[in-house]
Protein chains: 2
Amino acid sequence: MTKRRSDRANSLDVARLAGVSIAAVSRAFTPGSSISDELAEKVRRAARQLNYVPNSLASSLITRQTNIVALMLPRMSNPIYAAMLAEVSRRLEELNKQVLLFTPSDESDFDRSLGRMLEYQVDAIVIAAATISNRMAALCLDRNVPVVMLGRHVPGLPVHSVRPNARDGGTRAAELLLRGGGRRFGIVAGPSSLTTMVERQRAVVDRLQAAPDASVVAIVDGGLTYEGGYEAALAIMDRADRPDSVVCMTDIMALGAMDAIRHRLSLRIPDDVAIIGFDDIAEAAHASYSLTTVKTPLVEMVGHMIDLIAMPETDAAPRIVEIDAELVVRRSTRAAHPAAQ
Amino acid sequence: MTKRRSDRANSLDVARLAGVSIAAVSRAFTPGSSISDELAEKVRRAARQLNYVPNSLASSLITRQTNIVALMLPRMSNPIYAAMLAEVSRRLEELNKQVLLFTPSDESDFDRSLGRMLEYQVDAIVIAAATISNRMAALCLDRNVPVVMLGRHVPGLPVHSVRPNARDGGTRAAELLLRGGGRRFGIVAGPSSLTTMVERQRAVVDRLQAAPDASVVAIVDGGLTYEGGYEAALAIMDRADRPDSVVCMTDIMALGAMDAIRHRLSLRIPDDVAIIGFDDIAEAAHASYSLTTVKTPLVEMVGHMIDLIAMPETDAAPRIVEIDAELVVRRSTRAAHPAAQ
DNA sequence: CTCGACTATGTAAAGGTATACAAGGCCCGG
DNA sequence: CCGGGCCTTGTATACCTTTACATAGTCGAG
């Protein structure tokens, strides 16, 4: 005698049991609606008796609001994305909204994920560490679904974006290393397909090239993973003019680089080699690493994202919010070098 | 001239433009339904022209299937939960299902989150690192929504559960340390409110007490965080009969303990102190830690979870799946001690 | 006592789709 | 040439709720 799903009570069942109209049931479950306390109480009693739970699908069909925000978040391997997700979810739940998660494994899945988001009638779409095709962006715009890109900006795309000021962060990272006496620089790069990584690297390189006696002696892709950072550091350090400073485009690669430098090459950090990363993931603060890094200001970014998706529906120009980078100085970099001052 | 949401095309609009019935539109977007290729193509052309996207809310209202699975996941601070989420999401998306995330900050929010899950008519509920009240469990059962607890089991609750064999894992961890010559043991505990932590600890302590010359000299709560593990280790090691082995109930606390022992107390691992953890988070494999640990078999756990929520609807007894623990031996523990053999 | 302004309640339509059922077309065997 | 079976298409109802509108009731002011 399996209980079938259609045995679930609906508002009509509740209305009948309570001896009221179906509208009364709806109002009893809608805070602030015009209903007397007695009637509301009568409805709630009947509802409890029938194990009634309002069907928010039916409700959303009418109100055109699901209280669901889609989040596209690929490559969960990097802890910064987990932190981003946690913050996004936390802030949205404060507003009684939920995150519907999409983790496409491949760029070819992006459009399919976006399509499914629209089918679910989500109230907004947040895209982290991924991009969106022009076609889908236009479709979202047409349907009046706000889209916010978190952490990067693609010029010309009609979507909002919130991102840290990579140029500023990269510049300050480079300057810190220069002040610490750095002259020969290695770079552990991210994939060139990610604009965020390219911007960070460009900012760092630009500032280094502006220094008369500094030079970038090696750039190796670290593939955005710990292992990739480890290998990249080995490749970078294996040369006659060994770098005295290494900039990693993400912390997770920086951790790999530090471990390679210390445990494989037996060099000291920061004495032999100074290291700096980007993101400020939790592990960067661990005593084993104590990594100096350019922080990705998640809390502020998500705060602005919330504001953007709450904006009144207009087809106004997409907003670009840029947040100042904060340099978190720890012990993987040298203090100001006397000679450099 | 803001475009209103009601301007979104629906299946009737598409049907009219294509000169077909509304049923044809539905069939054109339902793979495997009875429709000729020409008609389907005609519908798709019209749909594209109108930027039509099927409304899965309306569809779910009828099919009673949302392809949404709710995941309750508090305390995202521990990386193991992020890994769990990634695996759950990955596997579900393979089946064209999506994760609706709930991250209640407080035990008092559990019931409210569960209630909202039911309102969204989710196909199943997965609960990680949290529990569910008897009342809500009964409600889910009544509505035929499968509930799977991931990582723990609460006796008497009418829900499925999938979990590692904590007893086996704890026993093997203890034995490894004993073989390595451990005699005085410290334990960094988790909150006693989490049955998982209690089970792990009980297994470890039981095995240690079965060894004639071993003793547990200190048990300190590490609060499930890196910082907590750090402080707990300091407390544990600050005594005359300093432990020669420390068991931490989670890896994240073990990392804190290792850092405290090495960088604050300047002791060697594993020579002065052997350390072992639980979970096998990614950082445990980093060269800076190389932490021996009892692995939480996420892939297998999620695989079983998928099977459970796909089971035909019955009110059969809830299943309990227990998975063997795997001990991942790295360099934070000593090899078998000659004297112990 | 009456009218107007409110509040509380009910009625009915709308929101977008899936599907049972009926109907039409076609082919093939007899 | 006819009937049965199959495939395609359309019609109409069902899914569950919100809300505009109408109605009935309450209360105070004039």
Side-chain angles (χ1 to χ4, degrees), chain A residues 4-44 46-47 50-67 116 118-123 143-144, chain B residues 4-44 46-47 50-67 116 118-123 143-144:
Chain A
R4 294 180 317 112
R5 298 184 81 151
S6 52
D7 289 347
R8 292 179 186 174
N10 60 23
S11 52
L12 184 57
D13 298 328
V14 175
R16 276 203 278 254
L17 177 61
V20 302
S21 79
I22 191 173
V25 178
S26 171
R27 291 195 257 259
F29 285 93
T30 308
S33 61
S34 157
I35 188 173
S36 68
D37 288 348
E38 311 95 85
L39 189 59
E41 182 50 38
K42 191 156 56 167
V43 169
R44 275 193 291 266
L50 294 176
N51 280 338
Y52 171 71
V53 174
N55 185 324
S56 77
L57 300 185
S59 152
S60 295
L61 203 51
I62 300 182
T63 62
R64 295 163 157 11
Q65 227 213 358
T66 52
N67 286 319
R116 296 205 62 200
L118 294 178
E119 292 181 15
Y120 280 120
Q121 315 294 117
V122 298
D123 292 343
R143 307 182 54 108
N144 236 294
Chain B
R4 293 180 318 112
R5 300 184 80 151
S6 52
D7 290 346
R8 294 178 185 174
N10 59 25
S11 51
L12 184 55
D13 298 329
V14 175
R16 277 203 278 253
L17 177 61
V20 303
S21 79
I22 190 174
V25 179
S26 171
R27 292 196 256 259
F29 285 93
T30 307
S33 61
S34 156
I35 188 172
S36 67
D37 287 349
E38 311 95 86
L39 189 58
E41 183 50 38
K42 190 155 57 165
V43 169
R44 275 193 291 265
L50 294 175
N51 279 337
Y52 170 72
V53 173
N55 185 325
S56 76
L57 299 185
S59 152
S60 295
L61 205 51
I62 300 180
T63 61
R64 294 158 180 302
Q65 228 215 356
T66 52
N67 286 319
R116 296 206 61 202
L118 294 178
E119 292 181 16
Y120 280 120
Q121 315 295 117
V122 298
D123 292 344
R143 312 190 60 156
N144 237 295

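Only a predicted model underlies this, so the values are computations on that prediction, with no experimental measurement involved.
Residues forming a salt bridge (Lys or Arg N to Asp or Glu O under 4.0 Å) with A:E41 (at least two apart in sequence, or on another chain): A:R44, A:R45. Residues satisfying the side-chain contact (heavy atoms from CB on, under 4.5 Å) test with A:N10, not counting sequence neighbours, are A:L12, A:D13.
When distances are taken from the side chain of A:A58 to each of D:dT18, D:dT17, C:dG16, the shortest belongs to D:dT17. If you check D:dT18, C:dT9, C:dG16 against the side chain of A:T30, the one that comes closest is D:dT18. In the set D:dT19, D:dT11, D:dC15, the nucleotide with an atom closest to the side chain of A:A23 is D:dT19. Relative to the side chain of B:R27, the nucleotides D:dG10, C:dA14, C:dT17 differ in distance, and D:dG10 lies closest. The A:N55 side chain lies nearest to D:dC16 when the options are D:dC16, D:dT18, C:dT11. Distance from the side chain of B:P54 is smallest to C:dT17 among D:dG10, C:dT17, C:dG10.
Between A:L57 atom CG and C:dA18 atom P the separation is 13 Å, expressed in whole Å. In this entry the distance linking CD of A:E38 with C1' of C:dA8 reads 10 Å, nearest Å. If you measure from atom CG of B:L12 to atom P of D:dA12, you get 14 Å, rounded to the nearest angstrom. D:dG10 atom C1' lies 13 Å from atom NZ of B:K42, rounded to whole Å. One interatomic measurement links the two molecules: CG of B:N10 to P of C:dT17, which rounds to 6 Å at whole-angstrom precision. Regarding A:E119, its CD atom lies at a distance of 12 Å from the C1' atom of C:dT17, rounded to whole Å. Taking atom CD1 of residue A:I35 and atom P of nucleotide C:dG10, one finds them 9 Å apart after rounding to whole Å. Distance B:D37 CG to D:dT9 C1': 15 Å, rounded to the nearest Å.
Note on A:S11: a side-chain N or O is less than 4.0 Å away from OP1 or OP2 of D:dT17. One finds a side-chain N or O of A:S26 lying less than 4.0 angstrom from the OP1 or OP2 phosphate oxygen of D:dT18. The side chain of B:R64 places no N or O atom within less than 4.0 Å of a non-bridging phosphate oxygen (OP1 or OP2) of C:dA18. For B:S36, no side-chain nitrogen or oxygen approaches OP1 or OP2 of D:dC7 to under 4.0 Å. Contact check, A:Y52 against D:dT17: a side-chain N or O comes under 4.0 Å of OP1 or OP2.
Across all strands, A:S34 comes closer than 4.0 Å to base atoms (heavy-atom distances). Among the protein residues, B:V25 comes within range of no part of the nucleic acid, since none of its heavy atoms lies under 4.0 Å from any strand. Backbone-only contact: A:A24 has heavy atoms under 4.0 Å from sugar-phosphate atoms and none from a base. Residue contacts shown for A:I22 include a base, since a base heavy atom lies under 4.0 Å away. Residue contacts for A:S59: at a heavy-atom cut-off of 4.0 Å it reaches the sugar-phosphate backbone alone, with no base atom in range.
Side-chain atoms of B:N67 and A:Y120, non-hydrogen and from C-beta on, do get closer than 4.5 Å to each other.
The distance from the CG atom of B:L57 to the CZ atom of A:R64 is 11.0 Å, given to the nearest 0.5 Å. We find the CD1-OG distance between A:I62 and A:S26 to be 8.0 Å, quoted to the nearest 0.5 Å. Between A:N55 atom CG and A:S11 atom OG the span is 9.0 Å, to the nearest 0.5 Å. Here the CD atom belonging to B:Q121 is positioned 8.5 Å from the CG atom belonging to B:L61, to the nearest 0.5 angstrom.
Results of the side chain to side chain contact (heavy atoms under 4.5 Å, CB included) test with B:V14 over B:V20, B:I22, B:L50 single out B:L50 as the only residue that passes.
Nearer the 5' end of DNA chain D, as judged by each residue's closest nucleotide, is the contact made by B:S33, out of B:S33 and A:S56.
Checked by atom type and distance alone, the side chain of A:S21 pairs as donor or acceptor with a backbone atom of A:A24 at under 3.5 Å.
The bend of the helix from C:dC1-D:dG30 to C:dG30-D:dC1, defined by the angle between the axes of its first five and last five pairs, stands at 40° to the nearest 10°.
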